[in-house]
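In this chain, residues are counted from 1 in sequence order.
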Amino acid sequence: MDSTLQKEDPPCNRFSEFMQVLAVLQWILTFLFLGPVCVLIITWISCSPLWPLLALYMVWLVSDWRTPDRGGRKSAWMSKWNIWKHFRDYFPIRLHKTADLDPQQNYILGYHPHGIMSIGAFCNFGTDGAEFSHLFPGLKSYLTTLAGNFKVPFYRDYLLAAGMCSVTHSSIDYLLSHHGTGNAVVIVVGGSAEALHCNTQSHILTLKNRKGFVKKALIHGSSLVPVYSFGENEVLHQCRFEVGSWKQRLQQMFQHWVGFAPCIFHGQGLFSSTCKGILPFRKPINTVVGKPVPVPKIQKPSEEQIQKYHALYVNSLLELFNTHKERFGLQKSDSLILL
């Protein structure tokens, strides 16, 4: 079984192209600058006559602090904004399924690869732009991200409204045990470490020692579902530094202390596709949701059990990649490299 809701790309005119560029530009600027801008706004308000409003917000923030670990606060209205459809059509992004997912069960979806910004993950699972709710009726997707992203006031509220939750242990436990069934927890397994390997020539995943999500699946008896986005690594080009250089060491230090690595990247220009800029390249992203790997519920799984189901998951992911790679523009000789 292989189906997708968007069979053909919609006709494009100048207005549509403008709206697509606008949708992607606002998201890129939000991704890069909204956090720092929120810090500046808070600093300004704290020194202005409006500081009582900030004080009230901070009092409320204390009571709301654990929301990212308690299922989040997704806005159904925001997830259905038309701007996300323009965002989808810019590339375009297409969501494909290979099997039905029973809404009477819970799932952990492992998203690969991370890419620079996980654009496909956000569009497909953070919004309803790719119509996840129609392709998988009865399922609710929860896109998880670093807990540190929720520590910046105002910025955290945007992320929560966009349907994001923390990727902490307590957050995943809550999503899989307190929300009934029909929950699809999406984890970008490779994380920021994988982003450093993002390039258009090879397909490198940080996965060999990433087993925490498998352990969570076993504890809760939630099926594991591999997801691969063909084209995720091609929409932005990373400036890669020489191995052992001070620039690479600086990236690694930043990743170790802060939790993510700053990637230097470029796409195309705002007004010309032949110039370098911050807009992603208009290249298709095809996100394929694989078949679920059934997992038994084991309250205290052993290392051997975790290793067994990790191996089953990896094999399912490799099968998914090899089955669909030629359909989405790769060569028969292309293969996944697991680190």
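Put simply, the side chain of L336 does not reach to within 4.5 Å of the side chain of L207, judged on heavy atoms. When side chains are defined from C-beta on, V295 does not count as touching H220, because their heavy atoms never get closer than 4.5 Å. Using a 4.5 Å cut-off on side-chain heavy atoms (C-beta onward), K216 and H169 make contact. Looking at heavy atoms from C-beta onward, K325 lies out of side-chain contact with Q331 at the 4.5 angstrom threshold. Between F87 and I93, the closest side-chain pair of non-hydrogen atoms falls below 4.5 Å. The closest side-chain heavy-atom distance from Y57 to L61 is below 4.5 Å. No side-chain heavy atom of E194 sits less than 4.5 Å from a side-chain heavy atom of N233. Y155 is not listed as a side-chain neighbour of V39, based on a closest heavy-atom distance of 4.5 Å or more.
Hydrophobic clustering (side-chain heavy atoms under 4.5 Å, transitive across Ile, Leu, Val, Met, Phe, Trp, Tyr) keeps L317 apart from L339. Put simply, W77 and L143 are part of the same group of oily side chains (I, L, V, M, F, W, Y) that touch within less than 4.5 Å, one to the next. When hydrophobic clusters are built by joining Ile, Leu, Val, Met, Phe, Trp and Tyr residues whose side-chain heavy atoms come closer than 4.5 Å, directly or via intermediates, V235 is grouped together with W84. Under the 4.5 Å side-chain heavy-atom criterion for Ile, Leu, Val, Met, Phe, Trp and Tyr, V214 and L338 are members of the same hydrophobic cluster. I204 is not connected to I285 by any chain of hydrophobic side-chain contacts under 4.5 Å among Ile, Leu, Val, Met, Phe, Trp and Tyr, and they are in different clusters.
Counted within 6.0 Å of CH2 on W60, heavy atoms from surrounding residues, nucleotides or ligands total more than 12; the atom is thus considered enclosed. Atom NZ of K85 has 12 or fewer heavy atoms from other residues, nucleotides or ligands within 6.0 Å. By the 6.0 Å contact criterion, CD on E326 is enclosed, its count of non-hydrogen atoms from other residues, nucleotides or ligands being greater than 12. Heavy-atom contacts from other residues, nucleotides or ligands closer than 6.0 Å to NZ of K211 number more than 12. The 12-atom threshold is exceeded at CH2 of W65, counting heavy atoms of other residues, nucleotides or ligands nearer than 6.0 Å.
Proximity of a side-chain donor or acceptor of R282 to a complementary backbone N or O of Y90 within less than 3.5 Å is detected. Judged by distance alone, the side chain of N315 and the main-chain N or O of L312 form no donor-acceptor pair under 3.5 Å. For the pair T323 (side chain) and L320 (backbone), a donor-acceptor distance under 3.5 Å is absent. One N or O on the side chain of T144 and one on the backbone of V186 form a donor-acceptor pair closer than 3.5 Å. When atom types are taken as modelled, the side chain of H310 and the backbone of R210 share a donor-acceptor pair closer than 3.5 angstrom. N199 places a side-chain N or O within 3.5 Å of a backbone atom of H197 that can act as its donor or acceptor partner. A donor-acceptor contact shorter than 3.5 Å is absent between the side chain of D89 and the backbone of P92. Side chain of T98 to main chain of V289: a donor-acceptor pair is present (N/O by atom type, distance under 3.5 Å, no hydrogens or angles). Using a distance-only test at 3.5 Å, with no hydrogens or angles considered, a donor-acceptor pair links the side chain of S48 to the main chain of L50. Side-chain atoms of T67 come within 3.5 Å of backbone N or O of D64 as a donor-acceptor pair.
Minimum heavy-atom separation, T145 to F150: CG2-CE1, 3.5 Å. When all heavy atoms are compared, the tightest approach of L160 to G72 is CD2-CA, 3.9 Å. Annotation for S202 and I337: closest pair CB-CD1, 4.4 Å, computed over non-hydrogen atoms. Residues G269 and L279 share a closest heavy-atom pair of O-CD1, 3.9 Å. The two residues P280 and V24 have their closest heavy-atom pair at CD-CG1, 3.4 Å. The two residues A130 and L95 come nearest to each other via the heavy atoms CB-CB, 4.0 Å.
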Using residues 103-115 as the side-chain source, report each donor-acceptor pair under 3.5 Å to any protein atom, sequence neighbours left out, with the distance given to one decimal.
residue : atom : partner : partner atom : Å
N106    : OD1  : G182    : N            : 3.2
N106    : OD1  : N183    : N            : 3.0
N106    : OD1  : N183    : ND2          : 3.1
N106    : ND2  : L176    : O            : 3.4
N106    : ND2  : G180    : O            : 3.0
Y107    : OH   : D102    : N            : 2.7
Y107    : OH   : D102    : O            : 2.9
Y111    : OH   : A121    : N            : 3.1
Y111    : OH   : S229    : OG           : 2.7
Y111    : OH   : E232    : OE1          : 2.5
H112    : NE2  : Y313    : OH           : 2.7

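Between F132 and the choices Y142, F125, F122, the ring-ring contact (aromatic ring centres under 6.0 Å, His included) rule is met once, by F125.
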Step-by-step ring-ring contact (aromatic ring centres under 6.0 Å, His included) determination, H203 to Y228: CA-CA 11 Å; H203 314 282; Y228 196 89; 7.2 Å; no
Derivation of the side chain to side chain contact (heavy atoms under 4.5 Å, CB included) call for I278 and L29: CA-CA 9 Å; I278 63 171; L29 294 177; 4.0 Å; yes
Test side chain to side chain contact (heavy atoms under 4.5 Å, CB included) applied to N124 and V227, step by step: CA-CA 11 Å; N124 288 307; V227 179; over 6 Å; no
Salt bridge (Lys or Arg N to Asp or Glu O under 4.0 Å) evaluation trace for D100 with K291: CA-CA 8 Å; D100 290 325; K291 300 176 182 178; over 6 Å; no
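Ring geometry for H237 versus F281: interplanar angle of 30 to 60°, hence tilted.
The distance between the ring centers of H96 and F328 falls below 6.0 angstrom.
Separation of atoms CE (M164) and OG (S171) is listed at 13.0 Å; rounding is to 0.5 Å. To the nearest 0.5 Å, the span separating CG on L218 from CD on Q299 amounts to 12.5 Å. The distance from the CG atom of N149 to the OG atom of S166 is 9.0 Å, given to the nearest 0.5 Å.
Cluster note: F15 groups with F18, M19, L22 through ILVMFWY side-chain heavy atoms spaced under 4.5 Å, whether in direct contact or through intervening members.
Under 4.0 Å is where a charged nitrogen must lie from a carboxylate oxygen, and between D173 and R70 no such pair does.
Side-chain atoms of S79 and D128 include no donor-acceptor pair closer than 3.5 Å.
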